[in-house]
Amino acid sequence: MVLLLPLMAGAQEPPLTLVEGGEVRSAIVAAAGISVAERFAVQELQSFIEQMSGGKLPVCEPGQKPPGAEPEACIVVGKSTVQALNPEVDLDVLGAEGFVIRTVGRDLIIAGSETRGTLYGVYSFLQSLGCRWWSDDASTIPALRTIRVPATDRQETPKLVYREVLYQEQWGANLWGVRNKITNMVGGASEIRPEWGGSGPTFHSSLVHSWRSLINEEGTLDYEGKAGQADPKWYALVPDWEGKLQRERSQPCTRNPQVREAIINGALKRLRAHPEDLFVTVGQEDGPAYCHCTEFDCAELVEREGSASALVLDIANAVAERVAREFPGKLVMAPAYAWGLKLPRALRPRDNVIICLAPIENDFGHPVATGSHERNVQCRAVVDEWASTGRPIWVWDYTTNFNHYLMPHPNLDVLAANVKYYVDRGATGYMAQGSHTCINAEFSRLRMWVLAQAMWNPELDNRALVEEFCHGYYGPAGPAVLRYIDTIHQPVRQQPGLLVPCYYDFDPPWLAPEVLVEAERHMREAEAAVADDQTLLDRVRLAHIPLQYVLAVRQPTSATWRLIEERLGNLEPAALATQVAADMERFFVATGKPYGMDESGGRSFVDFVAYLRQWAAKCGAKGDALPPELVGQTGWFRLIHPWQVDQNSLSWGTRPFEDADASDGWAMKATSEGWTMGYSFVVGDDYTPGKRHTLYVRVKCPEPTFDGDAFSCGIYGKDPLPKIDRTVSTKELTPARYQVIEVGTLELAPGHRFWICTNKRDGRYAVSEVRLDCLWLREAP
């Protein structure tokens with residue numbers, strides 16, 4: 001294959017021949033004093049050209065004759081090399097990461113800074129030859145017996161100085177990140193070797209959360225109460241679920257003078273310990289509430305400024321004032337996040353404060369720039385407000401479903417588009433938080449690659465990047481995988497106002513039965529297309545797991561299963577459970593990095609694999625492990641077991657556990673008031689809209705300690721709500737045994753959720769827990 005490389009239009013000069021028919025026609029010229037990163041760039045250039053063409057380009061110093069015949073062309077690499085041979089080329093304007101790729105006579109110049117510029121120039125040149133590094137274990141290196149380069153004049157500098165993909169695959173320094181121009185490696189920025197160009201802008205702690213860690217690092221306050229000396233006034237005064245104000249340790253009161261001084265001193269201490277850092281973050285902790293106290297005027301400041309972000313800027317500016325005195329040139333990072341997203345009326349960031357926008361409430365299925373959902377409309381207004389302050393902006397974006405890392409997540413239309421939007425609004429740093437606690441999550445490698453390309457060049461077309469990855473990574477299965485992606489995304493594309501959040505469960509319209517049937521059809525086509533190539537088949541199997549995960553959760557009594565069997569043939573429950581268990585063992589557990597299937601860790605791969613194998617062993621005629629009360633029953637029913645219960649519930653601290661007395665061997669339990677267990681009913685899958693259904697639960701409670709209300713259950717969610725709240729007294733119980741309780745008859749609608757919890761009366765619980773084996777619905781007469 002002959003490659004003629006049209007990098008950019010230039011003078012009509014004959015192309016440079018690097019290799020012809022596998023025979024070397026050129027040499028690499030690099031000065032003896034080039035940096036270790038530039039020396040590595042030379043090695044990479046030489047190695048990949050040899051892999052492509054079979055010809056190994058010799059390396060020589062300026063003025064030195066390479067072995068063999070006189071080269072027809074030279075590739076001149078490195079800043080000092082170019083400055084010695086071509087002093088007219090201005091490299092100082094390129095910054096730390098920019099580069100030039102330029103033909104000068106019979107030379108091809110590749111140069112930039114001595115850290116990352118030259119290295120990135122070499123990788124960009126190799127990309128132009130067709131090299132692609134899809135993932136840490138997959139690449140495309142084209143076979144090119146002849147390589148010719150036409151007249152070229154290419155100069156690039158990135159608009160984003162900080163580029164990060166927060167995915168488990170990127171945790172720790174690796175060459176994938178270097179080759180795709182990621183400046184910081186999650187959890188491993190300090191591990192990026194000097195020969196790899198070192199890290200980009202460094203910092204310690206999060207881009208958003210730091211108040212509490214700064215207090216603890218400073219060390220003068222017993223904030224955590226470990227010595228029993230904590231002062232409640234250090235903690236934020238926040239409303240509880242009933243609206244009553246109470247002190248909450250998770251969020252400090254930053255206008256308390258003691259807390260304020262501890263945060264300031266903690267920030268200074270952190271900068272002293274890490275003089276290499278560009279900034280120190282001074283930002284709130286996670287949580288929906290801010291301090292409402294009047295003693296230190298928190299409530300008054302928020303009311304006056306019209307936004308709780310005033311509390312964030314107030315302490316950030318106080319820190320920034322002290323930082324400016326001791327560390328001129330250092331910055332303070334202040335987040336605009338959650339309750340602190342909106343710009344205050346009058347308060348503005350100091351000149352040494354930068355802002356990290358973290359719009360976690362957005363609709364992530366439609367581009368921020370054009371999405372019509374009110375959340376994206378609000379985001380655009382917020383971004384414009386903060387941009388008007390003139391302070392630099394970094395962005396913490398969200399690119400996964402944190403409740404279910406494996407669930408199909410239709411955000412592949414917006415990845416590059418959103419990067420471009422923020423860059424166009426002046427963002428100079430961007431981090432995409434993905435499945436950082438789960439390796440091999442749904443399309444994680446696809447997202448990482450698309451984001452990396454877009455962060456370097458935000459003008460790239462999103463769809464073209466997705467298609468390029470699918471064809472390159474999945475080979476002949478690429479077209480079918482793209483059809484699968486289009487099927488999952490179609491409901492979102494057809495409904496501009498449909499919300500795709502970054503936290504949701506099993507009930508969105510892109511997981512409706514009709515959608516999943518077509519999705520399953522395309523993934524079967526993809527597997528068939530690469531059945532004879534184990535490497536590609538493994539990649540497709542990994543891409544298929546998210547869909548099969550949903551099927552395993554929906555289970556055989558769902559409309560999804562029935563529809564798939566009608567259109568695609570019989571689904572064997574035991575066979576599906578066995579295969580998914582084996583695949584999860586290979587792709588997750590066996591990696592040594594199983595972590596969790598969600599951000600909170602509520603679902604573990606080890607437990608889910610054990611569940612699948614038990615399910616496979618217990619599948620009955622209906623394909624499910626039936627409770628005794630349903631064995632032999634006729635007519636339709638929809639059965640829901642603990643592993644089908646929503647992840648949002650699990651993040652509250654409740655998760656399935658093995659229970660030999662439960663019908664499928666697993667149960668869940670509630671041990672307090674509050675909705676710690678819940679299930680979102682799926683329209684068209686769990687129930688038929690417009691029809692009435694009777695709800696049953698199979699539960700077990702221990703011996704009560706006194707007579708009274710034992711537990712309650714019912715329906716909550718979007719209006720109109722059915723009036724069902726069933727409270728079960730201790731007199732109705734058969735203690736220490738599972739029993740069926742009829743909750744009531746109702747008409748379900750989208751957004752309705754089941755809940756169950758124990759009851760507290762006069763500060764006491766009649767039963768210590770209520771265990772849930774399963775629940776089911778039957779159509780009412």
Side-chain angles (χ1 to χ4, degrees), residues 205-225 229-240 243-271 279-326 331-356 358 386 389 391:
S205 186
S206 162
L207 287 174
V208 171
H209 314 300
S210 73
W211 284 350
R212 197 163 166 179
S213 65
L214 291 173
I215 293 169
N216 291 332
E217 284 182 33
E218 195 267 351
T220 61
L221 302 184
D222 181 25
Y223 188 86
E224 308 301 335
Q229 300 171 348
D231 183 345
K233 292 182 180 179
W234 296 340
Y235 308 143
L237 190 65
V238 301
D240 65 11
K244 299 175 182 177
L245 291 176
Q246 60 182 10
R247 297 286 176 179
E248 175 57 58
R249 181 181 298 176
S250 61
Q251 202 81 262
C253 172
T254 56
R255 290 178 65 80
N256 179 309
Q258 289 179 294
V259 172
R260 195 176 188 83
E261 194 64 17
I263 291 176
I264 292 171
N265 290 332
L268 296 173
K269 183 177 180 180
R270 187 170 287 177
L271 284 176
F279 59 82
V280 59
T281 297
V282 181
Q284 76 260 46
E285 305 302 332
D286 255 330
Y290 54 89
C291 188
H292 290 62
C293 81
T294 56
E295 181 173 359
F296 302 110
D297 297 326
C298 289
E300 190 274 335
L301 177 63
V302 172
E303 183 178 3
R304 183 174 72 246
E305 291 289 345
S307 172
S309 65
L311 292 173
V312 180
L313 269 191
D314 173 64
I315 184 61
N317 281 344
V319 173
E321 182 180 3
R322 294 275 290 275
V323 166
R325 291 185 220 159
E326 186 173 341
L331 302 170
V332 170
M333 177 71 77
Y337 169 71
W339 48 260
L341 190 63
K342 188 175 182 294
L343 182 73
R345 290 193 183 105
L347 190 62
R348 293 294 179 266
R350 285 177 54 94
D351 288 345
N352 60 333
V353 172
I354 58 177
I355 303 300
C356 180
W386 285 105
T389 68
R391 301 306 306 137

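- The environment of CD in Q246 is crowded: more than 12 heavy-atom neighbours from other residues, nucleotides or ligands sit within 6.0 Å.
- Remark: side-chain polar atoms of R249 are paired, donor with acceptor, to backbone N or O of E224 under 3.5 angstrom.
- Side chains of R348 and N317: a donor-acceptor N/O pair is absent below 3.5 angstrom, by distance only.
- Contact annotation: the side chain of F279 never approaches that of V332 to less than 4.5 Å [non-hydrogen atoms, C-beta and beyond].
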Tell me which donor-acceptor pairs under 3.5 Å the side chains of residues 333-342 have, and how far apart each pair is, sequence neighbours excluded?
residue	atom	partner	partner atom	Å
Y337	OH	D286	OD1	2.3
W339	NE1	G287	O	3.3
W339	NE1	A289	O	3.2

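- Taking CG from D351 and CG from L331, the interatomic distance works out to 10.5 Å, rounded to the nearest 0.5 Å.
- Of all heavy-atom pairs between E303 and R345, the closest is O-NH1, 3.1 Å.
- L245 and P239 make their closest contact through CD2-N, 3.6 Å (heavy atoms, listed as atom of the first residue, atom of the second, distance).
- In this structure F296 satisfies the ring-ring contact (aromatic ring centres under 6.0 Å, His included) test with no other residue, sequence neighbours excluded.
- When only modelled atom types and interatomic distance are considered, R270 and S210 share no side-chain donor-acceptor pair under 3.5 Å.
- R350 and A324 get closest at one heavy-atom pair: NH2-CB, 4.0 Å.
- By the 4.5 Å heavy-atom criterion applied to side chains, Y290 and H292 are counted as neighbours.
- Classification of E326 and R322 as a salt-bridged pair fails, no side-chain N sitting under 4.0 Å from a carboxylate O.
- Side-chain contact between T281 and V208 is absent, with no heavy-atom pair separated by less than 4.5 Å.
- P349 approaches R391 most closely through the heavy-atom pair CG-CG, 3.4 Å.
- Between A316 and V353, the shortest heavy-atom contact is O-CG2, 4.3 Å.
- Here the side chain of E217 pairs no donor or acceptor atom with the backbone of K269 at under 3.5 angstrom.
- Between atom OH of residue Y235 and atom OG of residue S250 there is a gap of 10.5 Å, rounded to the nearest 0.5 Å.
- To the nearest 0.5 angstrom, R212 atom CZ is 13.0 Å from S205 atom OG.
- Going from atom CG of L221 over to atom CG of N265 covers 10.0 Å, rounded to the nearest 0.5 Å.
- Between A230 and P232, the shortest heavy-atom distance links the atoms O-CD, 3.7 Å.
- Here CD of E248 is found 13.5 Å from SG of C253. Values are rounded to the nearest 0.5 Å.
- Put simply, CZ on R260 and CG on D314 are 4.0 Å apart, with the number rounded to the nearest 0.5 Å.
- Ion pairing of R304 with D297 is absent here, as no side-chain N (NZ or NE/NH1/NH2) approaches a carboxylate O to less than 4.0 Å.
- A donor-acceptor contact shorter than 3.5 Å links the side chain of E285 to the backbone of W211.
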C298 vs L311, side-chain contact (heavy atoms from CB on, under 4.5 Å): CA-CA, chis, key distance, verdict: CA-CA 7 Å; C298 289; L311 292 173; 4.0 Å; yes
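- Annotation: side chain of R247 is in contact with side chain of K233 (closest heavy-atom distance under 4.5 Å).
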